[in-house]
Amino acid sequence: DERAPDDQVVLREQDHERRLPDRLLDAATELFMTNGYAKTTMDKIARAAGASTKTVYGRYRNKHEVVAAVIQRANARAVPALVEGADVTLDDMEPRAFLLKAGEGIATRFSSAEATTFARLVISEVPGNPELGELYRQGSGRFIGLLTKRFAHWHKTGQLRLRITPEGAAQVFVDLVGATPRTRALMGMPLTAAARKTHVANAVETFFNGCQARRK
């Protein structure tokens, strides 16, 4: 078929165009992580993505919109990884084993270079762009919801009686396992894998001691 080579070129061009949104956000993410927000420009994003500056402005009016898109995509990718073990049947894991597994997932995510970059971006830019803070908060929303559902189930069945509301327990748990890893990562001193494991074990023990209802 004499047209086959031309058809292949068309397919490659179509694939190149289809991947453009991800290429732009991949480039922006890498630049934000490497150079920071201030030194990342729309022109640099375009060059890194192999696109024109006009193409970037055709999708995003300014750099703030790029940051918002980067955070939204990161949330969409990170949450499924965090809830992979949380979205199983409610009776598949006993509370302590589940919380240890979920806690390690949270601590690992909060320690990652990508999550640290986004946290720094939001902290520095949210005073002038409050919507970035809301986008960042939404990242944990689904996971908090799943934890709330699980805590409510455990409380109802007597597997884990709570002294506080299920939603409150979910938020406290995320704070306990995630605050130190996030803070250490923001300071440029991330916890090692072994230290994260120890931290999560201590956090889970603290959670049980503080949030579990006292036996009569």
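Without hydrogens or angle criteria, R196 side chain to L191 main chain gives a donor-acceptor distance under 3.5 Å. At distances below 3.5 Å, not a single donor-acceptor pair connects side-chain atoms of S112 with backbone N or O atoms of T108. Distance alone, capped at 3.5 Å, places no donor-acceptor pair between the R161 side chain and the A213 backbone. Looking at H199, its side chain does come within 3.5 Å of a backbone N or O of V177 through a donor-acceptor pair. The closest donor-acceptor contact from the side chain of T55 to the backbone of A51 lies at 3.5 Å or more, if one exists at all.
The distance from the CD atom of E205 to the CG atom of L100 is 9.0 Å, given to the nearest 0.5 Å. Atom NZ of K156 and atom CG of L162 lie 14.5 Å apart (nearest 0.5 Å). In this structure, the separation between CZ on F110 and OG1 on T183 is 10.5 Å, given to the nearest 0.5 Å. Between L24 atom CG and R73 atom CZ the span is 9.5 Å, to the nearest 0.5 Å. Put simply, SG on C211 and CD1 on I164 are 3.5 Å apart, with the number rounded to the nearest 0.5 Å.
With a 4.5 Å cut-off on side-chain heavy atoms, Q212 and R163 do not count as touching. Inter-residue side-chain proximity for K44 and R47 is flagged as met; some heavy-atom pair is nearer than 4.5 Å. In this structure, H64 and Y37 have side chains that are in contact, with non-hydrogen atoms separated by less than 4.5 Å. Looking at R109 and E114, their side chains come closer than 4.5 Å, going by heavy atoms from C-beta outward. R150 places none of its side-chain heavy atoms less than 4.5 Å from the side chain of L146.
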Item checked: Verdict with supporting geometry, D175 and R182, salt bridge (charged side-chain N to carboxylate O under 4.0 Å, His left out) -> CA-CA 10 Å; D175 290 342; R182 171 175 284 160; over 6 Å; no
Next item on the list: Walk me through it: do I144 and Q171 pass the test side-chain contact (heavy atoms from CB on, under 4.5 Å)?
Entry: CA-CA 7 Å; I144 292 291; Q171 188 63 64; 3.9 Å; yes
Next item on the list: Start with the C-alpha distance between R96 and K101, add both sets of side-chain angles, then the distance that settles side-chain contact (heavy atoms from CB on, under 4.5 Å), and finish with yes or no.
Entry: CA-CA 9 Å; R96 189 177 294 273; K101 179 178 180 180; over 6 Å; no
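The two residues S124 and L121 make their nearest non-hydrogen contact at OG-O, 3.0 Å. Shown here for M42 and Y57, the closest heavy-atom pair between the two residues is CG-OH, 3.4 Å. Considering every non-hydrogen atom in both G133 and V126, the closest pair reads N-CG2, 3.5 Å. For the pair L20 and R59, the tightest heavy-atom approach, listed with the atom from each and the gap, is CD2-NE, 3.7 Å. Summarising the geometry of A38 relative to K63, their closest heavy-atom pair is O-NZ, 3.7 Å, with the distance given to 0.1 Å. In plain terms, the two heavy atoms of S111 and P181 that are nearest each other are OG-CB, 3.4 Å.
A donor atom on one side chain and an acceptor atom on the other are found under 3.5 Å apart for Q159 and T157.
Note: the hydrophobic cluster containing L186 does not contain L176 (ILVMFWY, side chain heavy atoms under 4.5 Å, direct or indirect links). Both F208 and I106 sit in one connected hydrophobic cluster of ILVMFWY residues. Membership requires side-chain heavy atoms under 4.5 Å apart, directly or through other members. Under the 4.5 Å side-chain contact rule for hydrophobic residues, V172 and F98 share a cluster.
Ring centroids of F151 and F207 are separated by less than 6.0 Å, placing the two rings close together.
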Could you list the donor-acceptor pairs under 3.5 angstrom formed by side chains in residues 27-35, with sequence neighbours left out?
from, atom 1, to, atom 2, distance (Å)
T29, OG1, L25, O, 2.8
E30, OE2, T34, OG1, 3.2
T34, OG1, E30, O, 2.8

